[in-house]
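Sequential numbering from 1 along the given sequence is applied to the chain's residues.
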Amino acid sequence: MISDVFRDEQQDVFWIVGAGCNVRHATTLRPGAVYAGQLIPCLCDEQLKVPQPTPSGRQPNSRPITDKCPECARKATDSEFSEITWDF
């Protein structure tokens, strides 16, 4: 019998806080693969501006933000994405 190794794979969704935002939005683009200032699409169909990276040795200002966009959260749940919180 051959096992289907891809059967349980899930797409990743990244919860990030965009520049000037106060809630987390979800995107399927890996935040580390895009440059600061770039606009990326969110699950809620909005565009999010990728923030500047935090200098080494400091804690990202977005770390304490836990509120999530309700529309992104609904779509992430409905699509059964694997969720990752990402801070710059």
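- Sorted by first then second residue, the salt bridge (charged side-chain N to carboxylate O under 4.0 Å, His left out) pairs that include residues 66-75, not counting sequence neighbours, are Asp45-Lys75, Lys68-Glu83, Glu71-Arg74, Glu71-Lys75, Arg74-Asp78.
- Residues satisfying the side-chain contact (heavy atoms from CB on, under 4.5 Å) test with Gln11, not counting sequence neighbours, are Thr28, Phe81.
- The hydrophobic cluster containing Leu29 also contains Phe88, counting ILVMFWY residues as joined when their side-chain heavy atoms lie under 4.5 angstrom apart, directly or transitively.
- Between the CZ atom in Phe14 and the SG atom in Cys42 there is a gap of 13.0 Å [rounded to 0.5 Å].
- When all heavy atoms of Cys21 and Val17 are compared, the closest pair comes out as O-CG1, 3.5 Å.
- In this structure, OG1 on Thr27 lies 9.0 Å from CD on Gln47, to the nearest 0.5 angstrom.
- Contacts classified as salt bridge (charged side-chain N to carboxylate O under 4.0 Å, His left out) and involving residues 15-30 (residues at least two apart or in different chains) are given here: Arg24-Asp87.
- Atoms SG and NE2, on Cys69 and His25 in that order, are 5.0 Å from each other to the nearest 0.5 Å.
- Using a 4.5 Å cut-off between side-chain heavy atoms of Ile, Leu, Val, Met, Phe, Trp and Tyr, with links allowed through other members, Leu39 and Val34 fall into different hydrophobic clusters.
- Scanning all heavy atoms of the two residues, the minimum distance from Val13 to Ala76 falls at CG1-CB, 4.3 Å.
- Of the inter-residue distances, the one linking Trp15 atom CH2 with Ile65 atom CD1 reads 13.5 Å to the nearest 0.5 angstrom.
- Counting heavy atoms from C-beta outward, Ile16 and Leu48 have side chains that approach closer than 4.5 Å.
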